[in-house]
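Shown next, in structure tokens, is the structure this report addresses.
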Amino acid sequence: MCIRDRYMARPVVYLLVAVRCQKSSWAPWLISLGMDVLQLQLRMAAGVKGQQELEELTRRRSDMAYYLLRDPIYKRFTKPLMTLLHLRILNKIPLINAISDLCLGIFESMNSLHFYKAGS
């Protein structure tokens, strides 16, 4: 299976594992993360052959941050940390408070709507 095929198979594998597991299970998250890390390592080992491949590799690396917005890590670590930061620091600055509220709402919506069953 080539690198591109593994990248395209990841959402399907994520859904198959998510359907078989409980919603709070770490299995879909860990398997999806493992597949992404593996395909990035394989891509880097194969070498980058042009500007488009470099841009794609950069995009895929930055997409790894979305794992922080997926359950179960979002509910156990990311959300409490962001809420604590918001309540302790950002809530005291008027304009930043409004922006922080908006960001928390966007992250919560992304978690509940997009990442509920999306593998990416």
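The shortest distance between side-chain heavy atoms of Arg61 and Met44 falls below 4.5 Å.
Rounding to the nearest 0.5 Å places OH of Tyr66 at 16.0 Å from CG of Leu33. To the nearest 0.5 Å, atom CD1 of residue Ile106 and atom CG of residue Asp101 are 11.0 Å apart. Taking CG of Asn97 as the reference point, atom NZ of Lys92 lies at 10.5 Å (rounded to 0.5 Å). The structure places CG of Asp71 at 9.5 Å from OG1 of Thr78, a figure rounded to the nearest 0.5 Å. With rounding to the nearest 0.5 Å, the separation of CD in Gln51 from OG1 in Thr58 is 8.5 Å. Between Leu85 atom CG and Leu90 atom CG the span is 4.5 Å, to the nearest 0.5 Å.
Taking all atoms of both residues into account, the shortest heavy-atom contact from Arg43 to Leu57 is CG-CD1, 3.6 Å. For Ser100 against His86, the heavy-atom pair with the smallest separation is OG-ND1, 2.5 Å. Between Tyr67 and Asp36, the shortest heavy-atom contact is OH-OD2, 2.7 Å.
A salt bridge between Glu108 and Lys79 is present, with a side-chain N of the basic residue lying under 4.0 Å from a carboxylate O of the acidic one.
When atom types are taken as modelled, the side chain of Glu56 and the backbone of Gln52 share no donor-acceptor pair closer than 3.5 angstrom. Distance alone, capped at 3.5 Å, is enough to place a donor-acceptor pair between the Ser62 side chain and the Arg59 backbone. With hydrogens and angles ignored, the 3.5 Å screen pairs no side-chain donor or acceptor of Ser32 with any backbone N or O of Pro28.
Residues Leu40 and Met35 do not share a hydrophobic cluster, defined by chaining ILVMFWY side chains whose heavy atoms lie under 4.5 Å apart. Under the 4.5 Å side-chain heavy-atom criterion for grouping Ile, Leu, Val, Met, Phe, Trp and Tyr, Phe77 is not connected to Ile89 through any hydrophobic cluster. In the hydrophobic clustering of ILVMFWY residues, with side-chain heavy atoms under 4.5 Å counting as a link, Trp29 and Met64 come out together. Under the 4.5 Å side-chain contact rule for hydrophobic residues, Ile31 and Leu15 do not share a cluster. A single hydrophobic cluster is not seen to contain both Leu81 and Ile73; linkage of ILVMFWY side chains at heavy-atom distances under 4.5 Å, directly or through other members, places them apart.
Cation-pi check for Arg70 over Tyr74 is not met; the charged atom does not lie both under 6.0 angstrom from the ring centroid and within 45 degrees of its normal.
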